Number of protein chains: 2
Amino acid sequence: MAKMRASGKKSVSIKDVAKLAGVSVSSVSRYLNGGSNVSPVSQKKIAQAIETLNYRPSALARALVREINPAIAVVTINSSQLGPTQMLGGIESRARERGASITISVPETDRREDILNSLHMAADQNPLGIIFMYPDMVDENISDFFPLEGPYVMVTGQQTMGAHEVSLCDQEGGEIITRYLLSLGHKTVYHVAVPVRLEYNRRLQGWRKALENTGSYIPDPIICGWDPEDAREIGRRLALNDDVTAVFAGNDELAIGLISGLRDMGKRVPDDVSVAGFDDHPLSGFWDPGLTTIHQEFIRAGRESVDLLLRQIPQYQEDVNSVVAGESGEETGVSKKSLDIHGKLVIRNSTGAPHKEK
Amino acid sequence: MAKMRASGKKSVSIKDVAKLAGVSVSSVSRYLNGGSNVSPVSQKKIAQAIETLNYRPSALARALVREINPAIAVVTINSSQLGPTQMLGGIESRARERGASITISVPETDRREDILNSLHMAADQNPLGIIFMYPDMVDENISDFFPLEGPYVMVTGQQTMGAHEVSLCDQEGGEIITRYLLSLGHKTVYHVAVPVRLEYNRRLQGWRKALENTGSYIPDPIICGWDPEDAREIGRRLALNDDVTAVFAGNDELAIGLISGLRDMGKRVPDDVSVAGFDDHPLSGFWDPGLTTIHQEFIRAGRESVDLLLRQIPQYQEDVNSVVAGESGEETGVSKKSLDIHGKLVIRNSTGAPHKEK
DNA sequence: CTGAAAGCGCTTACAG
DNA sequence: CTGAAAGCGCTTACAG
């Protein structure tokens, strides 16, 4: 009856409890699930048996028989970036509140097969559903990934499917910050882009759109790696070009690297060149100069994605509706099935009017 | 046969495959587990049935019957901090390499009951084992948490149990950086501490030890929150005291906040006061001035903790040993059951000799 | 090489 | 209120 675990230790099962308590397994099970239809006497005995045996029901067995595993599987690429990290925190806290556990899997690479593999591994656990972060960073059509059965939610830079999606409105953010820079008097704005396929780089698209709409000169975007060191190198190069008076970097880390590179070459920020970032990294306000950026509500995005997911599951629906009405009603997008989370411009000191001609 | 999922979609089971392929469930199972003792003809038929039904075995059922769930449960407090984040990344990548999935749970608060609850939830999944990050940040005796059955590994600031433990050697690091500051000529070093119980604040203990051993004046440590804004406030206060020429902050974010506060009051770093951090945050080198700090190998700590855990499990032991000999042999501590990971002093520009008297 | 049977730890009708 | 039975989706001896 007492089985071995991987560790070699014995594990106690419901049978052990039943035997010790002198009741049937059914009764123990009933006791475990609310205690209805179990006599007070039995309850005492069972409680005691559980206590002395230190019994805990197997979540695995339960999930199997109930055909519902109260776990949310999150698959994410770029897991070490700020966005995914903060979103994971949000997912975790909201999942805990709603009684779900978290499973995470990050694909080995960005290739389709690896992602599909992660998605499948996630699905094999028979989770409540899958939260897929940044599918749009992948060089594939997003919907290709979802012949997968079961509920899911994607967190994307921009609405692409119109359902089961939390969008961070990256394009809008890119546009806003570029416009802001232009409004300061800059002739144009250069862009140092995060390494994401151009078709899915919404921040870049917003930047381009702002330039187009204002009839500004559109320089080639400069593709950067994730490492701020790459941005630093780019900053050194950009410092050589006096036409560069304003740069929008794809994220704050890159902006910081960029500023270092600019300074390496004697440029002052923002006096000689204005630099803006994206995300509002927790340290952005402490930088010298403080970084002008777009604040992204990543934690909230994570939390909302949990609610969006659970909303698809009958057993979890009732208490979700109250949440919908309460917290996120105002911003609900296309339908209750998707959500736009808008970034907010945060103006600090890394940006300013262009240097007057000497 | 085809059951409903939480989503309401049908799920295909091994029975469906067996029926469609016209073989027994046993044969399908054998096919799934290596294909030995299955005739080529059957293999074809089974393969085809799986293909057309898009069948995937239930990880849950497998885990139940095999009595081993290839998942590692990680429970962590302070999950949004740099260390835990990077370690999680390391755990994740190493777990993937070794064929294990990851479950994470973070206690709602630091209180014993919440932590115990997380630990239990983790154990209920019957995972391969539990990796517990920073149990020593908790106001409890660590070993109290482990009447839990099953394999586990703790990642701590300092060896406390002597087994199943990856230590980051925080005390040593605190000592090294304090000594470095003293070697620069500072009379003493102030400490802005992370909000961790004093008994378990190894960085602080290292700092104190260095001061004691050199007979330096030992100022009261200044307890700070996790928010760099708190450190900024402290920096402003410290700026008022001209005796403060060197400060060691409990981590880099705090050091950055501190520098901001010092500057708010007109102090120059390092000319007026030297500031050192801890961790070697990815942005530390880009700060102006670059932060002198202790580099911590968090990612490696995460990876090693996976190996340490798997080493306790018979089914995973063979290929671990090669790893032991290969990668981490040199640094193996007390035994193969625990490991010290030493931080490294990184000298940048935020520290220097004390200001000469004017 | 193959299938029927028993069992993993639990839950859920079903009869008392 | 209670227990015996069937079943969740799989695997693993056990007989052929």
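Quick note on labels: first sequence line is chain A, next is B, and so on, each numbered from 1. Because only heavy atoms are used, hydrogens play no part in the values below, and waters and symmetry mates are left out as well, while side chains stay in. Given the structure is predicted, the values throughout are model-derived calculations rather than measurements.
- Residues satisfying the side chain to side chain contact (heavy atoms under 4.5 Å, CB included) test with Thr85(B), not counting sequence neighbours, are Thr85(A).
- For Ser13(A), the listed nucleotide lying nearest its side chain is dG9(C); candidates were dT11(C), dG9(C), dT2(C).
- For Met87(A) against Ala301(A), the heavy-atom pair with the smallest separation is SD-CB, 4.0 Å.
- Across all strands, Tyr31(B) comes closer than 4.0 Å to no nucleic acid atom at all (heavy-atom distances).
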Review item, nucleotides 3-6 of chain D N/O atoms under 3.5 Å of protein N/O:
from, atom 1, to, atom 2, distance (Å)
dG3(D), OP2, Ser24(A), N, 3.1
dG3(D), OP2, Ser24(A), OG, 3.1
dG3(D), OP2, Ser27(A), OG, 3.0
dG3(D), N7, Arg30(A), NH2, 2.8
dG3(D), O6, Arg30(A), NH2, 2.4
dA4(D), N7, Ser26(A), OG, 3.3
dA4(D), N6, Ser26(A), OG, 2.5

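- Val38(B) comes within 4.0 angstrom of sugar-phosphate atoms only, judged by non-hydrogen atoms across all strands, and of no base.
- Asn37(B) has no side-chain polar atom (N or O) that falls below the 4.0 Å cut-off from OP1 or OP2 of dT2(C).
- Whole-Å rounding puts the Asn69(A) CG to dT11(C) P distance at 14 Å.
- Atom CG of Leu32(A) and atom C1' of dG9(C) are 11 Å apart (whole Å).
- In this structure, CD1 of Ile14(B) is placed 11 Å from P of dG9(D), rounded to the nearest angstrom.
- Scanning for side chain to side chain contact (heavy atoms under 4.5 Å, CB included) contacts around Val25(B) gives Ile14(B), Lys15(B), Ala18(B), with sequence neighbours left out.
- Taking atom P in both dG9(C) and dT2(D), one finds a spacing of 24 Å when rounded to whole Å.
- What separates CG of Asn33(B) from P of dA13(D) is a distance of 12 Å, to the nearest Å.
- At whole-Å resolution of the value, CG in Leu60(A) and P in dC10(C) are 10 Å apart.
- With sequence neighbours excluded, the residues forming a side chain to side chain contact (heavy atoms under 4.5 Å, CB included) with Ala59(B) are Asp124(A), Gln125(A), listed by chain and number.
- For dG7(C), the OP1/OP2 oxygens have no side-chain nitrogen or oxygen of Lys15(A) closer than 4.0 Å.
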Pairing pattern in dot-bracket form [Watson-Crick, G-U; both distances under 3.5 Å; | = partner strand] for DNA chain C: |||.||||||||.|||
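- Within 4.0 Å of Ser29(A), counting heavy atoms only, lies at least one base atom of the nucleic acid.
- The distance between atom NZ of Lys19(A) and atom C1' of dG9(C), rounded to the nearest whole Å, is 15 Å.
- At dT11(C), one or more side-chain N or O atoms of Arg66(A) fall inside 4.0 Å of OP1 or OP2 (strictly under the cut-off).
- Glu108(B) pairs by the salt bridge (charged side-chain N to carboxylate O under 4.0 Å, His left out) definition with nothing, not counting sequence neighbours.
- For the side chain to side chain contact (heavy atoms under 4.5 Å, CB included) test, residues two or more places apart in sequence or in another chain that qualify with Ala71(B) are Asn69(B), Ser101(B).
- Checking Ser79(A) against Thr76(A) by side-chain atom types alone, no donor-acceptor pair falls below 3.5 Å.
- Listed nucleotides dG9(D), dT2(D), dC10(C) differ in distance to Leu64(B); the shortest reach to its side chain belongs to dG9(D).
- Put simply, CD on Glu67(B) is 10 Å from P on dT12(D), counting in whole angstrom units.
- Taking the P atoms as reference points, dC10(D) lies 24 Å from dC1(C), given to the whole Å.
- Listed by chain and residue number, nothing satisfies the side-chain hydrogen bond (donor to acceptor under 3.5 Å, both in side chains) test with Gln48(B) (two or more places apart in sequence, or in another chain).
- Not one N or O on the side chain of Arg98(A) forms a donor-acceptor pair closer than 3.5 Å with the backbone of Val306(A).
- Between Ser42(B) and dT2(C) there is a side-chain polar atom (N or O) within less than 4.0 angstrom of OP1 or OP2.
- With sequence neighbours left out, the salt bridge (charged side-chain N to carboxylate O under 4.0 Å, His left out) criterion links Arg96(B) to Glu92(B).
- Straight-line distance from the CG atom of Asp16(B) to the P atom of dC8(D): 11 Å, rounded to whole Å.
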